[in-house]
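Working notes, beginning with the structure itself.
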Amino acid sequence: MLDPVTNRYTEALFNLARRAGALDAVRLDVERLAATLDSPAVAGFFFDARVSLATRRAKMEPLLAGMHDLTRSFVRLLFAKRRESVLAGLREAFHRRDLEERGEAEGRVESARPLSAGDVAELAVAMGTRIGRRVTLENRIVPELIGGARIIVGSKMVDGSLQGRLEGLRRRLLDAPLPAI
């Protein structure tokens with residue numbers, strides 16, 4: 001779950017890059033920044049409030065070399081506004097915004113056993129029809145489901161698993177009124 005501040009800043013960067021015709025260049029820059037920040041030591045340094053802002057900003061400048069002007073300005077703005085924490089979720093937020101722009105969505109289908117590529121594709125089409133986007137699904141094995149499948153795309157979930165059905169039955173039985181004797 002991304003925070004609203006990260007989403008707002010990402011939206012601004014995305015829109016500026018699209019208007020400037022630099023979406024591909026900025027997308028690559030975001031990936032480069034995220035790959036650098038994937039290192040726990042590097043991320044620990046840049047997000048450590050004990051390290052002075054000037055020091056963190058100075059260490060960031062060499063990383064920005066060769067990046068698009070929009071990306072450099074964006075990162076500098078984040079440091080100027082003391083919002084450098086946005087960099088931690090920038091890759092994911094930018095990716096989600098990029099998918100949204102293309103009318104696509106990513107999700108996962110959880111099942112008790114591995115599903116064939118054809119089954120996953122069929123579920124993706126069905127879910128895509130339901131939400132009005134082209135959906136790409138990843139299959140994850142969750143043995144606790146017992147059988148069936150659970151599809152999760154964004155904030156939407158379709159639970160067709162045996163575990164889900166048993167849980168629904170349990171809730172209905174617990175909520176059923178008892179006859180008066």
Any chance [atom1] of [X] has more than 12 other-residue heavy atoms, nucleotides or ligands included, within less than 6.0 Å?
X      : atom1 : result
Arg18  : CZ    : yes
Arg76  : CZ    : yes
Glu122 : CD    : no

Review point. When you measure from the side chain of Ser73 to the backbone N and O of Asp69, does any donor-acceptor pair fall under 3.5 Å?
Key: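 Indeed, once roles are kept as given, a pair shorter than 3.5 Å links the two residues.
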Let me check something: do [X] and [Y] share a hydrophobic cluster, defined by ILVMFWY side-chain heavy atoms less than 4.5 Å apart, either directly or through other members?
X      : Y      : value
Leu115 : Val142 : no
Met157 : Leu166 : no
Val125 : Ile151 : no
Leu162 : Leu123 : no
Phe47  : Leu77  : yes

Heavy-atom side-chain proximity of [X] to [Y] below 4.5 angstrom:
X      : Y      : answer
Val5   : Arg83  : yes
Ile146 : Ser161 : no
Met127 : Arg133 : no
Arg150 : Val158 : no
Val75  : Met60  : yes
Asn15  : Arg97  : yes
Leu53  : Arg82  : yes

Point to revise | Candidates Leu90, Leu33, Val30 - the one meeting side chain to side chain contact (heavy atoms under 4.5 Å, CB included) with Phe74 | key: Leu90
Closest heavy-atom contact between [X] and [Y]?
X      : Y      : result
Ala93  : Thr10  : CB-OG1, 3.4 Å
Arg56  : Asp48  : NE-O, 3.6 Å
Ala17  : Leu70  : CA-CD1, 3.6 Å
Phe46  : Glu84  : O-CG, 4.0 Å
Asn139 : Ser111 : ND2-OG, 3.1 Å
Val120 : Leu137 : CG1-O, 3.7 Å

Review point. Glu110 and Ile152: side chain to side chain contact (heavy atoms under 4.5 Å, CB included), yes or no, with the steps?
Key: CA-CA 8 Å; Glu110 298 174 339; Ile152 303 164; 4.0 Å; yes
Spacing of [atom1] belonging to [X] relative to [atom2] belonging to [Y], to within rounding of 0.5 Å:
X      : Y     : atom1 : atom2 : result
Met67  : Arg72 : CE    : CZ    : 9.5 Å
Asp3   : Ser85 : CG    : OG    : 6.5 Å
Asn7   : Arg96 : CG    : CZ    : 7.5 Å
Thr136 : Leu99 : OG1   : CG    : 7.5 Å

**Study point:** Residue list, ring-ring contact (aromatic ring centres under 6.0 Å, His included) with Phe94, at least two apart or on another chain
**Key:** Phe14
Between [X] and [Y], does at least one N-O distance fall below 4.0 Å, as a salt bridge requires?
X      : Y      : value
Arg27  : Glu31  : no
Glu138 : Arg108 : no
Glu61  : Arg57  : no
Arg170 : Glu167 : yes

Review point. Under the side-chain hydrogen bond (donor to acceptor under 3.5 Å, both in side chains) rule, what pairs show up with a residue in residues 33-44, not counting sequence neighbours?
Key: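 Of all non-adjacent pairs touching residues 33-44, those that pass side-chain hydrogen bond (donor to acceptor under 3.5 Å, both in side chains) are Asp38-Arg91.
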Exercise for review: Show your working on side chain to side chain contact (heavy atoms under 4.5 Å, CB included) between Asp175 and Arg172 and close with a plain yes or no.
Suggested key: CA-CA 5 Å; Asp175 292 342; Arg172 282 195 305 276; 5.9 Å; no
